[in-house]
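All values derive from a computational prediction rather than experimental measurement. Here is how names work: the chains are called A, B, and so on, in the same order as the sequence lines, proteins then strands, and each is numbered from 1.
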Amino acid sequence: MHDRRLVLLLLVPSLAITLLMAMYPLGYSLLVSFRDWRLAKSPEPGPFVGWENYKLLLTDDPEFLASALVTLKFVVANVCVTLLVAMVIAVVLQRAGRLYSITRTLLIIPFVMSPALIGVSLRFMLNPEYGVLHSMAAGVVPTLKNTVWLSDGDWAMVALVMADVWHWAPYMALVLLGGLASVPKDSIEAAQVDGASAWRAFFTIVLPQMKPVIAVVLVLKTVFALKTFDMVYTLTRGGPGASTQTLAYQIYTTGFQFYDMGYAAAAAYLLTAVLMVLAGFYVRLMFASERSGERAAKGAGHD
Amino acid sequence: MTTISLRGLEKRWGHVVGVHPMDLEVADREFLVLLGPSGCGKTTTMRMIAGLEDATTGDILFDGARVNAVRPQDRDVAMVFQNYGLYPHLSVEENIAYPLKVRNVPLAERAARIARAAERVELGALLQRKPRELSGGQRQRVALARAIVRTPKVFLMDEPLSNLDAKLRLTMRTEIKHLAHELGVTMVYVTHDQVEAMTLAHRIVVMREGRIEQIGTPEEVYNRPASTYVAGFIGAPPMNLIEGEVRGGRFHAGEFQVGGVPEQLSGACVLGIRPEDMQLVDGTGDLRLPLYASELLGDSRLLSFKLAGSLLTVRAPKDQRAGFDDMVSLALPQDHRHWFDAQTTQRIDLSH
Amino acid sequence: MTSRRAGPAGFAAALIAWCVIFAVVFPIAWIALTSIKEPRDVYALALVFTPTLDNFRTVFEHPWNLGDKLLNSIVVASVTVAVAIPVGTMAAYGFSRFSFPGKRLLFVLIIATQFVPAAIVVLPYYLMFRELDLLDSYAGLVLVNLSIVLPYAVWMIKGFIDAVPIEMEESAVIDGASRLRALREIVVPAALPGLITAALFCFTLTWNEFLFALILTKQKALTLPVGLISFHTERGDLWELMAAAGVMITLPMFLLSLVFQKHFINSLTSGAVR
């Protein structure tokens, strides 16, 4: 059943598009990252500077390091909050009943909304003059009346994280719901018979069995958080100052506002390096589960 | 005329051997059963015959012509899979039609053949349904119909009855036997159920760990098992196998000994005797043991005894009244004793 | 599903469910409301007002020309999906049913392209498109979106094809069909729900794609998300118009997700749990 030519025919179109569209830019960017190229000055890449760009980035660029820090803050806060919120939602929405099934159907919606739109909308709703969220908050805590949310470094970060959580947590809750459903009821019932309370059963029986799902979700969410761009662009533009300037955004401004292409490419490659490490984790997770699936299948397999 | 020949047929994946080199001849119109437990290589062998697996070495011949390089779609075999392999998006009728459609059989002829096939398996009323609306037994009949709608050279069946409930299994087994006779095709049937093998086969190939243990008719395999493995596999309850040693013309196993042992035998041996061949006697017999358990089957009873660490089973009349720990005398008639070499597990052939 | 009677736990759970409903529905409802308000009602945070469809009318006119952008989004997303699904299905089938040297590596490579930040590829694309005269064109956008969407398509569809019992194909082959024919007539119909699912996911990604559309288009091929930011002018933000545009962006996705709800949920959960 193995026809080599057939396999080639099947795979080539996808491989061609994907790898070409990825390999070419990756290669080109790598070359550019070793050059000093100011697009404003010349349409062609400038002189070769070796590792200069990288060295500068890592040792003498406070803004880059600041962005890195901002990114770290954002990613950690984002992933933790999203996971927590998603888990709570998932556990609650496991229940039967119309309220819960209706809520489950709503979970899709935030994910299909454009992140750019989410950013713009939040900016609108936080506006101190006519933003609905602002007036709701001020109504509850009057001292907040004078806060200009997006002009405050900390609040801007909070807003950014909240926007991303709104976008992702419901979807993640759906994934976790799937994971929860695959935990065999027997194990939970056995724990109950053994005398464990609901909380205890959850933490000692259910959660450990969900580790593979949570691991995958964690890695993927981290990757997407690191790549976040749309929301930063529309919500804060990296501001106020640079307090929400994530690496992805900074790379964009370096390249397309300051037109320092070589530098931007180098920064992008550094970010990519981090992402590749995460990709490695993801791949290992993916194949670990595949291998155990294979082993199970082989055991019950052909004679 | 379709004969199948397997010569030196082997299947290996790297170091793992699925099927050791095997030779097998299947006669035209023969119903051959490949019997064995999971992992013994029976399905792999059949898949090689179908062309779904490539043979690592060896030859597969249909009617003397080598078919190793022939693609499965061109080998003109029909196959019924364990899980039926029905096409869920097509109706029953379209499922049965598919092999004809693929071969561009003209529409009029198609309709006639489908009708005939459906009638043979009594599916007439269900032609417009989809597989998911059918019961297990009905789905199986669709798979059968799809296989017989062509006139294949070879008919292959991979554990077709294993997903049916016990009662249905019995009826379908009979149907398959009748169908095979009616169609007159060469049939290769894979199963792990020895009852199916015994009832359906012209010849049984008992397999184990990729090797053939014995090829023979059901009678041969039952009455003259070639090894302790075959002896223990065929028959329910299986043959009693007692390990022991022949010394001085007597067979010793634990504290038990029996005489009348043929002179050719000596050393470590295994004595085999079927539960239905052992006799309950009054007074003294070859054995006198306390009853371990008595189970009523309905038409007979199974009495069990502990002997030298293993369980000895005897088939007794249903009204046998012995209770737990009662002493019972048993005879082991000479004609029904089977002897096996303890080392090689092979049958020791005695010519009387 | 667990079902426990009311009690403090039940009450808390219901409360949380209501919070979720509120959190999801409120922002969307507010934007929808804003889109039918007149500017003064927007700034007054009015809850009671006379609705107007003027905003929708305005955004379709000059200079916003949302109609063009809507058309562009529809074309780009549809063409991308129309190419991605067949191509992705073929590759997914290849990865699922065959073994060949380097299979794992290739599969990983395809997936890994999605771990690359957009910023790295955007400039080379810009230059490449400039050379090939693909800037501000449908073809260029489709190509870019294909490169984003194909890995997901292959990954998801492979999962669905893995779930189709191979016996079905083997039956078809035994019945006389070639492998390609079996793929077309047997496997694809059997995996159809999964294909729809993947198509919806790819459509969503393309529809909402922002960065590449931002950089690689100028005038003619601008898509809706980019059109969104044009309401942020020097004169100030035209929120009511932005809201109308936002509704236009979201409405199709909303409708699609309601109609194909089952498929959406399948797609998003099966991929990760697998």
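When the candidates A:Glu129, A:Met261, A:Met210, A:Met172 are compared by the number of heavy-atom contacts under 4.5 Å with chain C, A:Met261 comes out ahead. The greatest number of non-hydrogen atom pairs below 4.5 Å with chain C, out of A:Ile251, A:Leu271, A:Leu226, A:Val223, is found for A:Val223.
Interface residue C:Ile31: only side-chain heavy atoms are found under 4.5 Å from chain A. Contacts between A:Tyr233 and chain C at a heavy-atom distance below 4.5 Å involve the side chain alone, from C-beta outward. Using a 4.5 Å cut-off between heavy atoms, A:Val12 makes no contact with chain C at all. Looking at A:Leu6, only its side chain comes within 4.5 Å of chain C, counting heavy atoms on both sides. Of the atoms belonging to A:Leu19, it is side-chain heavy atoms, and not backbone ones, that fall under 4.5 Å from chain C. Both the backbone and the side chain of A:Met113 come within contact range of chain C, judged by heavy atoms closer than 4.5 Å. Neither the backbone nor the side chain of A:Leu180 comes within contact range of chain C; no heavy atom of the residue lies under 4.5 Å from a heavy atom of that chain. When heavy atoms are compared at a cutoff of 4.5 Å, C:Leu183 approaches chain A solely by way of its side chain, counted from C-beta outward. Interface remark: A:Phe124 contributes backbone and side-chain atoms alike to the contact with chain C (heavy atom separation under 4.5 Å).
Checking side-chain atoms of A:Trp166 against main-chain N and O of C:Ala23 turns up a donor-acceptor pair under 3.5 Å. Checking side-chain atoms of C:Tyr125 against main-chain N and O of A:Met21 turns up a donor-acceptor pair under 3.5 Å.
In this structure, C:Lys37 has no side-chain hydrogen bond (donor to acceptor under 3.5 Å, both in side chains) partners at least two apart in sequence or on a different chain. In terms of the ring-ring contact (aromatic ring centres under 6.0 Å, His included) criterion, residue partners of C:Phe95 (sequence neighbours excluded) are, by chain and number, C:Phe107.
Ring geometry, C:Phe201 versus A:Phe111: the interplanar angle falls under 30°, so the pair is classed parallel (tilted spans 30 to 60°). In this structure, A:Phe224 and C:Tyr152 have parallel ring planes: the angle between them is below the 30° cut-off, well short of the 60° mark.
Closest heavy-atom contact between C:Leu228 and A:Leu117: CD2-CA, 3.4 Å. What you find for C:Ala14 and A:Tyr100 is that their closest heavy atoms are N-OH, 3.3 Å. The two residues A:Val112 and C:Thr204 make their nearest non-hydrogen contact at CA-CG2, 3.9 Å.
The aromatic ring centres of C:Phe115 and A:Tyr282 sit less than 6.0 Å apart.
Going from atom CG of C:Leu109 over to atom OG1 of A:Thr18 covers 10.0 Å, rounded to the nearest 0.5 Å.
The environment of A:Tyr24 atom OH is dense: over 12 non-hydrogen atoms of other residues, nucleotides or ligands sit within 6.0 angstrom.
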